[in-house]
Amino acid sequence: LTYGGLEKPMAAVMKEEPINLEQAGVFNIISHRDASILGILATDSGSIPVSTLNLSGHTVAARTVAEAAAEAFGKPVSYTGRMRSLHLLADDSKIKSLYGGCLDSLEELLAAQTYWMKHRGGSLNLDHKVGLAI
């Protein structure tokens, strides 16, 4: 699971910098809401008997993130490097079979991240600032 996986390629698009596919590649992304809900359910399910439930969310390619950002920001996108053929992605089919898929779609996550970045990190009257020291 890559925390902040959407922000890095979107920031590169905003700055019109190339995205290195060797570093970004493909990763899993999940909303805080889905991670909290499914994390609690997995803990409850895994306690008796002891078992493991992977929680991974959506599998997304850096190219998908960059293309969404390019469209939202009206900026061009460029790439360097080649995407790796092997990735360490979690298989969350077991938890999905028990509780269903994520409530928040990948499209909603992309839209929320681009909105947040377009508004300099501010949303819902919070004072989060992208790229500024706290």
Side-chain angles (χ1 to χ4, degrees):
L1 182 63
T2 302
Y3 184 78
L6 301 180
E7 187 174 338
K8 190 172 182 179
M10 286 185 177
V13 172
M14 281 183 80
K15 297 174 187 174
E16 297 186 30
E17 297 174 349
I19 296 166
N20 185 341
L21 294 176
E22 289 181 20
Q23 293 177 353
V26 176
F27 53 92
N28 295 117
I29 192 80
I30 192 168
S31 69
H32 289 279
R33 175 172 69 160
D34 283 327
S36 297
I37 292 168
L38 292 173
I40 291 167
L41 293 170
T43 301
D44 184 51
S45 293
S47 60
I48 302 173
V50 176
S51 65
T52 301
L53 296 173
N54 285 328
L55 173 62
S56 66
H58 307 283
T59 299
V60 60
R63 285 183 183 271
T64 302
V65 177
E67 289 163 11
E71 183 177 334
F73 304 141
K75 303 266 187 168
V77 61
S78 62
Y79 305 98
T80 61
R82 292 180 49 205
M83 196 163 51
R84 297 177 187 169
S85 59
L86 300 176
H87 307 283
L88 298 175
L89 300 176
D91 176 7
D92 63 354
S93 58
K94 187 173 179 182
I95 197 169
K96 283 182 179 176
S97 71
L98 291 171
Y99 303 116
C102 295
L103 297 175
D104 300 315
S105 70
L106 177 58
E107 291 75 20
E108 290 169 323
L109 296 178
L110 293 169
Q113 183 69 35
T114 55
Y115 176 88
W116 190 73
M117 294 181 76
K118 277 177 145 179
H119 294 87
R120 299 185 48 86
S123 64
L124 304 177
N125 299 318
L126 300 175
D127 62 355
H128 301 295
K129 301 294 179 187
V130 174
L132 300 178
I134 296 177

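In this structure, Arg33 CZ and Cys102 SG are separated by 10.0 Å, a value rounded to the nearest 0.5 Å. Separating the CE atom in Met117 from the CD atom in Gln113 is a distance of 6.0 Å, to the nearest 0.5 Å. A distance of 10.0 Å separates CG of Leu98 from OG of Ser93, quoted to the nearest 0.5 Å. In this structure, OG1 on Thr64 lies 10.5 Å from CG on Leu6, to the nearest 0.5 angstrom. Rounding to the nearest 0.5 Å places CG of Asp104 at 7.0 Å from NE2 of His58. Here the straight-line distance linking atom CD of Glu7 with atom CH2 of Trp116 works out to 4.5 Å at 0.5 Å rounding.
Residue Thr114 comes nearest to Phe73 through the heavy atom pair O-CE2, 3.7 Å, listed as atom of the first residue, atom of the second, then distance. Residues Ser31 and Leu109 share a closest heavy-atom pair of CB-CD2, 3.4 Å. Counting all heavy atoms, side chain and backbone alike, Val65 lies closest to Pro9 at CG1-CG, 3.6 Å. Here the shortest heavy-atom pairing between Pro18 and Thr80 reads CB-CG2, 3.7 Å. Of all heavy-atom pairs between Leu21 and Ala62, the closest is CD2-CB, 4.3 Å. For the residue pair Ile19 and Ala66, the shortest heavy atom distance occurs at CD1-CB, 3.3 Å.
When the shell of 6.0 Å around CD of Glu71 is examined, it contains 12 or fewer heavy atoms from other residues, nucleotides or ligands.
Within the 4.5 Å cutoff, side-chain heavy atoms of Leu110 are placed close to those of Met10.
In this structure a side-chain-to-backbone donor-acceptor pair under 3.5 Å is present from Asp34 to Leu103.
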